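The block underneath contains the structure these notes are about, expressed in structure tokens.
Model, not experiment: these values are computed from the prediction. Count residues from 1 along the sequence. Note: hydrogens, waters and symmetry copies are ignored here, and every other heavy atom, side chains too, is used.
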Amino acid sequence: MSNTVKKYLVIILALLCMACLTAVACKSAMYTINFETVAGVTIDSEVQSGYEVKKGYRVTFKLVLADGATGEAVVTANDETLTANSNGQYSFVMKADTTVRVTGIIAPDEYDVTFGVGVEVEDDDGNTSIALVRSEFVLFFDPDGNALSEIKMRAGEVIKFRVKLSVYYDGLAYRVAAGNSILSADADGYYTYTITGAVAISVRDLPETFDNTFLSREDGGKGTADDPFKIKTPLDLYAMADVISNTMNTSDTYRTAYYSLENDIDLRGEKLYIIGDATWEGSIFAGVFDGNNHTIKNFYMTDTLIEQSDFQQVHLPYIGLFGLAQASSARNAGIYNLNLKDYTINVNAAQGGATAFVGSIVGYGIGVDISNCSAEGKIVIDGHYNAFTYAGGLIGFQQSAYTSDNVRYYSVVQSCSSGVDITVMQGNVIAAGGITGNLNTYEENTTAAIFNCYSTGDIEGAIRAGGIVGWVTANGSVENCYATGYVGASSNILLMDNAEGYAYAYAGGIAGYVEYGAIISDCFFKGDCRASAVEGANYQFSDGIAAHTEPAGTAFIHTNGTLIRNCYSPEDHKVIDDAFIKTTLGWEDADWKFNGDGTPDI
């Protein structure tokens with residue numbers, strides 16, 4: 001090897017060594033910083049604990065002390081004691097891996113403050129004490145309106161709060177206690193208490209849930225036709241729902257009983273609980289409820305229930321004042337002379353992930369009669385895309401029942417009105433109607449029918465939408481009815497979903513989809529109806545009376561076709577006034593109250 005080559009090799013090796021030494025030097029110039037503080041102290045610095053910081057960098061920071069913290073801070077960086085400048089700022093230069101420690105500060109003690117209902121319990125030795133339980137009927141709020149359940153406070157701080165009892169506890173006397181100290185409210189209804197340690201704030205002396213309901217009152221009734229159970233208060237409604245849904249109650253005493261609404265009930269914006277929520281096979285309503293022309297108003301309903309045992313949310317498939325109602329061996333289930341007003345029903349079938357049936361009065365009815373009832377409210381549905389929902393202004397799914405030629409139960413809705421707006425926000429609502437979602441005749445000679453009813457609500461977003469009924473199955477009947485609201489059908493189902501039948505959207509002034517053998521007779525429509533489908537114009541149909549009908553022989557050779565008889569809509573260009581309704585449609589004064597504007601009342 002020549003001397004020249006050797007010189008070049010020496011130079012290259014020297015350069016490589018220098019690069020390596022430089023890399024090592026660069027790496028060694030970065031140091032890690034950690035902050036360690038006692039409770040009640042936080043560090044305000046742009047350099048966070050655990051960061052790598054370059055050698056020679058000046059780290060600056062401030063201490064932030066919790067309210068009420070006492071003592072004098074001692075701050076060290078490794079073994080060096082740091083002193084704050086006039087701005088309260090500490091600093092040091094990074095020379096090695098450094099731990100900054102802050103001591104000398106004493107944080108104030110924090111105590112748990114909990115809120116609930118105080119219930120007297122007894123141990124095995126017979127000793128009594130007060131246990132705190134949560135209740136959706138008793139709420140606590142601070143002056144800013146924030147709900148209180150469990151918070152932390154320091155000794156010496158003052159808690160100020162008010163108590164709101166549910167309408168279900170309306171008029172009941174109670175006391176408020178902090179630990180064993182009884183508190184008094186000020187002129188504005190607020191209670192105050194100075195914190196000295198952990199404390200339970202409770203409402204006491206409330207009666208057991210059903211101590212003051214029809215179940216225990218002397219005038220509560222016996223549940224017979226001659227002496228029905230008397231429903232007078234919101235708590236009576238709650239007790240009725242509870243006793244029918246209670247798994248411990250296996251008898252039919254309450255499910256098949258007679259009930260009488262004795263007065264109007266205002267729920268003041270609170271939740272109305274479903275009677276017959278189908279949480280188990282016995283949770284159905286098979287009795288008779290007479291509203292006596294009274295009104296239940298100002299409430300909301302949902303398709304969820306909070307199980308009190310573990311406070312877990314349960315989704316319910318049947319939503320209405322009566323969730324699942326059906327005939328008993330003795331008779332049809334019946335709801336009569338009842339008015340519902342000023343309410344919203346929210347259904348989140350998308351979250352529940354299953355088929356849902358929703359109606360203001362009945363969610364799903366089998367062999368149910370509804371007569372002389374009215375409803376004015378809103379139903380809002382977030383549907384599921386893999387399951388169907390049925391919705392009706394009065395009843396979601398109306399079905400007759402047939403066991404044999406000797407045991408059959410018709411289902412009739414008559415002399416009823418609905419001012420219920422049904423809005424589908426998303427998902428697949430297969431059928432929605434102003435009175436009924438699906439009118440289902442179980443057997444040819446056991447009819448499900450709607451007579452002498454009207455709807456003024458808007459129906460929007462169902463696949464099969466109708467002013468009176470969304471879907472009429474074979475042999476169903478709709479007679480002497482009218483609707484005035486907007487009817488809008490919508491289908492988001494694609495052909496590729498292998499569900500072509502549901503890719504069609506049907507909007508009908510009276511009925512959206514009507515099967516063979518069904519009858520639509522002596523009806524009229526005064527609104528507007530439209531349909532839309534993602535598959536386009538060939539899959540969307542609207543009509544002033546019925547958007548889909550079927551010819552004879554649709555199912556079998558001998559079956560009759562859909563019969564649309566003597567019905568009128570704006571498409572017919574008729575003046576539909578009181579005279580026309582009486583003369584041409586044959587409606588009678590005994591069934592209707594004619595008021596001169598062509599939209600008679602029941």
Side-chain angles (χ1 to χ4, degrees), residues 213-215 219-231 236-237 239-262 273-294 317-318 320-338 357 359 361-373 394-416 436 439-451 475-477:
T213 71
F214 72 92
L215 297 172
D219 66 347
K222 298 180 180 178
T224 63
D226 293 332
D227 188 15
F229 289 127
K230 308 297 192 303
I231 306 300
D236 281 336
L237 288 172
M240 183 179 174
D242 183 82
V243 75
I244 288 175
S245 299
N246 194 330
T247 57
M248 302 299 292
N249 177 23
T250 58
S251 75
D252 289 333
T253 301
Y254 298 104
R255 298 182 188 93
T256 61
Y258 288 81
Y259 296 83
S260 173
L261 184 62
E262 298 296 292
Y273 291 83
I274 297 171
I275 299 168
D277 59 17
T279 48
W280 69 290
E281 63 181 13
S283 181
I284 61 172
F285 178 72
V288 174
F289 189 94
D290 188 348
N292 291 306
N293 296 316
H294 291 301
Y318 307 106
L321 173 59
F322 300 93
L324 177 58
Q326 68 179 48
S328 67
S329 59
R331 61 182 180 274
N332 281 48
I335 299 97
Y336 310 115
N337 311 312
L338 174 65
F357 306 86
I361 296 178
V362 175
Y364 195 123
I366 305 172
V368 174
D369 290 337
I370 301 175
S371 178
N372 194 32
C373 293
L394 299 186
I395 178 171
F397 199 100
Q398 177 188 346
Q399 179 181 318
S400 60
Y402 175 87
T403 302
S404 67
D405 288 344
N406 296 322
V407 182
R408 63 177 79 223
Y409 301 94
Y410 301 91
S411 179
V412 178
V413 176
Q414 60 182 332
S415 302
C416 293
T436 299
L439 184 64
N440 190 288
T441 294
Y442 187 78
E443 190 269 341
E444 181 177 2
N445 296 313
T446 311
T447 304
I450 303 172
F451 300 136
N475 305 304
S477 179

### Message
Test your reading of the model: is there a side-chain donor-acceptor pair from Ser415 to the backbone of Ser371, 3.5 Å cut-off?
### Response
no
task: In sequence, state the C-alpha distance, the side-chain angles, and the governing distance for Phe285 and Val362, and then conclude on side chain to side chain contact (heavy atoms under 4.5 Å, CB included).
output: CA-CA 10 Å; Phe285 178 72; Val362 175; over 6 Å; no
Derivation and outcome, side chain to side chain contact (heavy atoms under 4.5 Å, CB included), residues Leu237 and Tyr273: CA-CA 8 Å; Leu237 288 172; Tyr273 291 83; over 6 Å; no
- Message: I want to check something: taking the side chain as every heavy atom from C-beta on, are Tyr336 and Val288 in contact at a cut-off of under 4.5 Å?
- Response: yes
Tightest non-hydrogen contact, residues Lys230 and Phe214, listed as O-CB, 3.2 Å
Q) side-chain hydrogen bond (donor to acceptor under 3.5 Å, both in side chains) between Thr224 and Asp226: does it pass, once the steps are laid out? A) CA-CA 5 Å; Thr224 63; Asp226 293 332; 5.5 Å; no
### Flag side-chain contact, heavy atom, 4.5 Å: Met240 against Phe229
no
Ignoring hydrogens and angles, tell me if any N or O in the side chain of Ser283 forms a donor-acceptor pair with the backbone of Asp277 under 3.5 Å.
yes
Value for OG (Ser477) from CD1 (Ile450), rounded to nearest 0.5 Å, stands at 9.0 Å
Donor-acceptor contact present, side-chain Arg408 to main-chain Asn445, <3.5 Å | yes
Could you give me the CA-CA distance, side-chain angles and deciding distance for Leu321 and Ile335, then say whether side chain to side chain contact (heavy atoms under 4.5 Å, CB included) is met? CA-CA 10 Å; Leu321 173 59; Ile335 299 97; 5.9 Å; no
Salt bridge (Lys or Arg N to Asp or Glu O under 4.0 Å) filter on Arg255, not counting sequence neighbours, yields Asp252
Could you tell me whether the side chain of Glu281 reaches within less than 4.5 Å of the side chain of Ile284, counting heavy atoms only? no
Note to self: Keeping Ser411 on the side-chain end and Gly367 on the backbone end, is there a donor-acceptor pair under 3.5 Å?
What the structure shows: no
**Request:** Taking the side chain as every heavy atom from C-beta outward, state whether Tyr258 and Asp290 have any pair of such atoms under 4.5 Å apart.
**Result:** no
Angle between ring planes, Phe289 versus Phe322, binned at 30° and 60°: parallel, tilted or perpendicular? perpendicular
Nearest heavy-atom approach of Gly287 to Arg331 is CA-NH2, 3.9 Å
query = Under the side chain to side chain contact (heavy atoms under 4.5 Å, CB included) criterion, do Gln398 and Ile370 qualify, and how do the steps go?
reply = CA-CA 10 Å; Gln398 177 188 346; Ile370 301 175; over 6 Å; no
Check whether Asn332 reaches the backbone of Gly334 with its side chain - one donor and one acceptor, N or O, closer than 3.5 Å. no
For Ala448, is there any backbone N or O sitting under 3.5 Å from a side-chain donor or acceptor partner on Thr441? yes
The salt bridge (Lys or Arg N to Asp or Glu O under 4.0 Å) partners of Asp236 (sequence neighbours excluded) come to Arg217
Inset, instruction - For the pair Tyr410 (side chain) and Asp369 (backbone), establish whether a donor and an acceptor sit closer than 3.5 Å, ignoring hydrogens and angles. - result: no
- Query: Tyr364 and Gln399: side-chain hydrogen bond (donor to acceptor under 3.5 Å, both in side chains), yes or no, with the steps?
  - Reply: CA-CA 8 Å; Tyr364 195 123; Gln399 179 181 318; 2.8 Å; yes
Taking every heavy atom of Cys373 against every heavy atom of Asn337, the minimum-distance pair comes out as SG-N, 3.7 Å
**Message:** Could you tell me if the side chain of Ile274 sits less than 4.5 Å from the side chain of Leu324, heavy atoms only?
**Reply:** no
Between Asn292 (side chain) and His294 (backbone), is there a donor-acceptor pair under 3.5 Å?
-> no
CG (Asp242) and CG (Leu215) are apart, to the nearest 0.5 Å, by 8.5 Å
For Asn475, is there any backbone N or O sitting under 3.5 Å from a side-chain donor or acceptor partner on Glu444?
no
Between Phe397 and Tyr318, is the ring centre distance below 6.0 Å?
no
Is a side-chain N or O of Gln326 found less than 3.5 angstrom from the main chain of Ala333, in a donor-acceptor match?
no
Between Thr256 and Ser328, the two heavy atoms sitting closest are CG2-CB, 4.1 Å
In this structure, OG of Ser260 is separated from CD1 of Ile231 (nearest 0.5 Å) by 8.5 Å
